[in-house]
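One structure below.
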Protein chains: 2
Amino acid sequence: MGNESGQNFQRRHQQIPLAVIKRLPVYHRYLSDLHQKEVARISSSELAAKIGITASQLRQDLSWFGSFGQQGYGYRVDELLREVSRILGLNQNIGMVLVGAGRLGRAIIHYANFKRRGFHTKAIFDNNPEIVGQIIDGIPVYDISELENYLKNHSIQIGVITTPATVAQEVADRLVRSGIKGIWNFAPVSLKVPDDVIVEHVHIGESLMVLSMKLQQRKASGPDS
Amino acid sequence: MGNESGQNFQRRHQQIPLAVIKRLPVYHRYLSDLHQKEVARISSSELAAKIGITASQLRQDLSWFGSFGQQGYGYRVDELLREVSRILGLNQNIGMVLVGAGRLGRAIIHYANFKRRGFHTKAIFDNNPEIVGQIIDGIPVYDISELENYLKNHSIQIGVITTPATVAQEVADRLVRSGIKGIWNFAPVSLKVPDDVIVEHVHIGESLMVLSMKLQQRKASGPDS
DNA sequence: TAGATTGTTAATCGATTAACAATC
DNA sequence: TAGATTGTTAATCGATTAACAATC
């Protein structure tokens, strides 16, 4: 076993493929569902069938992070859920600030339950004097000029950008200069940031275009192909 | 030339890889920028460098749809933009309905400028009597019970779901039964629909988890790897 | 014409699937 | 123990990159 765990260790330190990373939140969602339904165990083939992938892929993906199952039995749902949550870095109390208190910003703050997952929005910044000073969902709105000062004095890991596209790069630059290493970007621009900063871009507009294109393709190639 | 255009034709009728489809909106965005800056021509290597991909990939991707460049010259920006827009099915006056007039729904209606791209939200549906009857951004809000009736009498191609996760599947079922073939889904559930219906899911929560995981990985493997 | 750059074919790389020995 | 199912190695498939003849 010594040898093999050595190999696991090695593998864990290679670069995890992005394709694998993107599937983890899906696994998390299905496992959460099962856990809520009090399902105690599941095999890779059952879970894969639910998700719509192959059992091979599921096992292959998990093997990047370790061995969580048991031959002849499958996986314990609670255990696997805990592992996947850990891998995803959930429940760690991550501090966020949001810049841009428009409609999208307000929607995002409210969205789903990332508070339950450990993501806490601590402050909102905007340049509109009518909004500055308000409390939205229990979170204070500060003037954008106070951004750097705030970041200096609070432990914040993620900056969320929900500003218009025109100012998104400037906001990103200011976040980066204040030491933020993770940016969650909703503005439709490709942000330029240093290599040590991670940007996750939510592609809202792109997604509609992809839908539009697929519909068009479907139409072109006939309704039954 | 007869032979080769025959080959092109063939290729155009194979299944376009999803990876290619997803890059098209990006090309569209960069070309729009260039067009606005009144750049007349660009080579595959210049454009690829801006986007951050290889020139090979860009040319390979475009070749799925035809030949839009000119040897020794490159591409005319306006022409290529027009072609990419056509491929994406933009500017075609597509009718949409939105179900769920909460914060996210309101944000999406307002978002970016898809009106300029030919996407028109014609009606909003909700089950909250306080919202029903309002006009949001010039769009009337109807009671959800009128959904089927509305769809029978109007030409709608896309249904947008911004409801809570709990009712998203039911809404999808009703849209599908009314003949909608394209669903733009913002609820964090995997919708089950027949094969001839296309669902584009905007993965908001997933995206935050991916960011969280990447940050965690970065931290684990040391700040300089 | 000479230089530049395309469109496409071939080579490489990476991701998915299949298969199976290990073992609970 | 026998049956089931994992973790992993090997085979396949698909996507990206490199190279280059065609040609503007």
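Predicted model only: the values in this text are computed from it and were never measured. The figures here come from the full heavy-atom set of this structure, side chains too, leaving out hydrogens, waters and symmetry mates.
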Does a side-chain N-to-carboxylate-O contact under 4.0 Å join [X] and [Y]?
{"X": "A:Glu46", "Y": "A:Lys50", "answer": "no"}
{"X": "A:Asp195", "Y": "B:Arg218", "answer": "no"}
{"X": "A:Arg174", "Y": "A:Glu148", "answer": "yes"}
{"X": "B:Glu79", "Y": "B:Arg82", "answer": "no"}

Report yes or no: is the cationic atom of A:Arg41 (NZ for Lys, CZ for Arg) closer than 6.0 Å to the six-membered ring centre of A:Tyr73, at no more than 45° off its axis?
->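 Yes, A:Arg41 sits over the ring of A:Tyr73.
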Tell me: [atom1] of [X] to [atom2] of [N], nearest whole Å?
{"X": "A:Arg76", "N": "C:dC24", "atom1": "CZ", "atom2": "P", "answer": "16 Å"}
{"X": "A:Phe68", "N": "D:dT8", "atom1": "CZ", "atom2": "P", "answer": "11 Å"}
{"X": "A:Gln70", "N": "D:dA4", "atom1": "CD", "atom2": "C1'", "answer": "12 Å"}
{"X": "A:Leu62", "N": "D:dG7", "atom1": "CG", "atom2": "P", "answer": "7 Å"}
{"X": "B:Gln71", "N": "D:dC24", "atom1": "CD", "atom2": "P", "answer": "6 Å"}
{"X": "B:Leu80", "N": "C:dT6", "atom1": "CG", "atom2": "C1'", "answer": "12 Å"}
{"X": "A:Arg41", "N": "D:dT6", "atom1": "CZ", "atom2": "C1'", "answer": "11 Å"}
{"X": "B:Leu58", "N": "C:dT5", "atom1": "CG", "atom2": "P", "answer": "14 Å"}

Tell me, which stems hold DNA chain C, with a stem being 3 or more Watson-Crick or G-U pairs in a row and both distances under 3.5 Å?
->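 Stem segments, range with range: C:3-24 with D:3-24.
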Can you give one letter per nucleotide of nucleotides 10-19 of chain D, 5' to 3': B if a protein heavy atom sits under 4.0 Å from the base, S if only from the sugar-phosphate, - if neither?
-> B----SSBBB
Does the side chain of A:Gln157 come under 3.5 Å of the side chain of A:Ser155 through a donor N or O and an acceptor N or O?
->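 Distance-only check passes for A:Gln157 and A:Ser155.
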Are side-chain N/O atoms of B:Ser190 and A:Arg29 paired as donor and acceptor at under 3.5 Å?
->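 There is such a pair between these side chains.
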When rounded to the nearest 0.5 angstrom, what distance separates CZ in B:Phe119 from CD in B:Gln92?
->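 The distance works out to 8.5 Å.
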Ignoring the backbone of B:Ser43, work out which of C:dT8, C:dT5, D:dT6 is nearest its side chain.
->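 Per side-chain heavy atoms of B:Ser43, the pick is C:dT5.
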What nucleic acid atoms does B:Ser44 come within less than 4.0 Å of, heavy atoms only: base, sugar-phosphate, or nothing?
->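 Contact class for B:Ser44: sugar-phosphate only.
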Check side chain to side chain donor-acceptor pair (under 3.5 Å) between B:His120 and all other residues, then give those that pass, not counting sequence neighbours.
->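 So B:His120 forms a side chain to side chain donor-acceptor pair (under 3.5 Å) with B:Asn93.
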For D:dG7, take OP1 and OP2 only and decide whether either is under 4.0 Å from a side-chain N or O of A:Tyr75.
->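 Checking A:Tyr75 against D:dG7: at least one side-chain N or O falls below 4.0 Å of OP1 or OP2.
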